[in-house]
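Chain identifiers are assigned alphabetically (A, B, ...) following the order of the sequence lines, protein sequences preceding nucleic acid strands; residue numbering begins at 1 within each chain. These figures come from a predicted structure and were not determined experimentally.
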Amino acid sequence: MKVPLIEIPIATREGIFLARYSENGLAELKFPQVGRARAANQEKAPAQIRGWQRLTEAALKNVLSGRAPKKFPPLDLVGTDFQRSVWNALRKTSCGKTKSYGEIAVAIGKPKAVRAVGGACGANPVPVLIPCHRVLAANGKIGGFSGGLDWKRDLLAREGIKI
DNA sequence: TCCGTATTGAACT
DNA sequence: AGTTCAATACGGA
């Protein structure tokens with residue numbers, strides 16, 4: 001059974017992101033949509049979620065400025081154990097650094113699962129905060145990005161990373 | 001069970 | 001230096 005998530009937009013210089021919260025924390029973060037980014041349930045947001053929203057907004061803007069966020073909201077990630085271990089490994093990639101899909105695979109103890117790592121990255125519900133954009137292919141190629149390669153290049157450039 | 005994947009590294013033009 | 005190709009783990013249908 002599925003509880004509707006509370007959606008709250010986050011305005012940044014880059015556009016309006018959309019955060020979705022469950023009762024346990026931030027569940028999804030979406031890039032600015034080309035079409036409409038309409039807020040739902042914002043009025044009903046409990047105080048707790050409004051607090052998370054503050055943290056999310058601050059963290060997001062820090063990353064967009066190329067800085068490491070001081071604090072993160074709690075995350076409520078839905079996925080398989082494998083995916084969560086990948087996402088967890090991704091969070092250890094500090095600002096200004098990059099890793100290859102292969103390195104992530106090694107980090108989670110499955111060195112051969114490089115392609116599956118790519119799949120898990122694509123399934124990442126919270127891009128930017130979970131820095132899937134800092135994962136490049138082994139030969140330094142850009143790889144891919146669910147929010148669009150322009151975003152990936154731009155985010156990397158803000159952290160001083162060249163491709 | 002089969003198919004696609006945000007990979008990789010080696011073997012070929 | 002560019003292209004093809006098999007190996008490989010996982011998730012969705």
Any-strand Watson-Crick or G-U partner of B:dA6, both distances under 3.5 Å: none
NZ/NE/NH1/NH2 to OD/OE distance under 4.0 Å, A:Lys61 and A:Glu14: no
Spacing of A:Phe82 atom CZ relative to C:dA9 atom P, expressed in whole Å: 10 Å
Closest to side chain of A:Lys110, choosing from C:dG11, C:dA9, B:dA6: C:dA9
Whether A:Phe145 and A:His133 hold their rings parallel, tilted or perpendicular, with breakpoints at 30° and 60°: perpendicular
Counterpart base for B:dT1, defined by Watson-Crick or G-U wobble contacts under 3.5 Å: C:dA13
Whole angstrom value for the distance that separates P of B:dA6 from CG of A:Leu155: 18 Å
Side-chain (A:Arg91) to main-chain (A:Ile130) donor-acceptor, under 3.5 angstrom: no
Sugar-phosphate, base or nothing in reach of A:Ala116, heavy atoms under 4.0 Å: base
Electrostatic pair A:Lys97:A:Glu159 at N-O distance under 4.0 angstrom: no
Donor-acceptor contact below 3.5 Å, side chain A:Lys152 vs main chain A:Val135: yes
Per-nucleotide protein contact string for nucleotides 7-13 of chain B, where B marks a base within reach and S marks sugar-phosphate only (heavy atoms under 4.0 Å, - for neither): BSS----
Rounded distance in Å - CG (A:Leu156) to C1' (B:dA6): 13 Å
Euclidean distance, atom CD of residue A:Gln83 to atom P of C:dA9 [Å, nearest integer]: 17 Å
Side-chain donor or acceptor of A:Gln53 paired with backbone N/O of A:Pro9 under 3.5 Å: yes
A:Ser146 side-chain N/O to B:dA6 phosphate OP1/OP2 under 4.0 Å: no
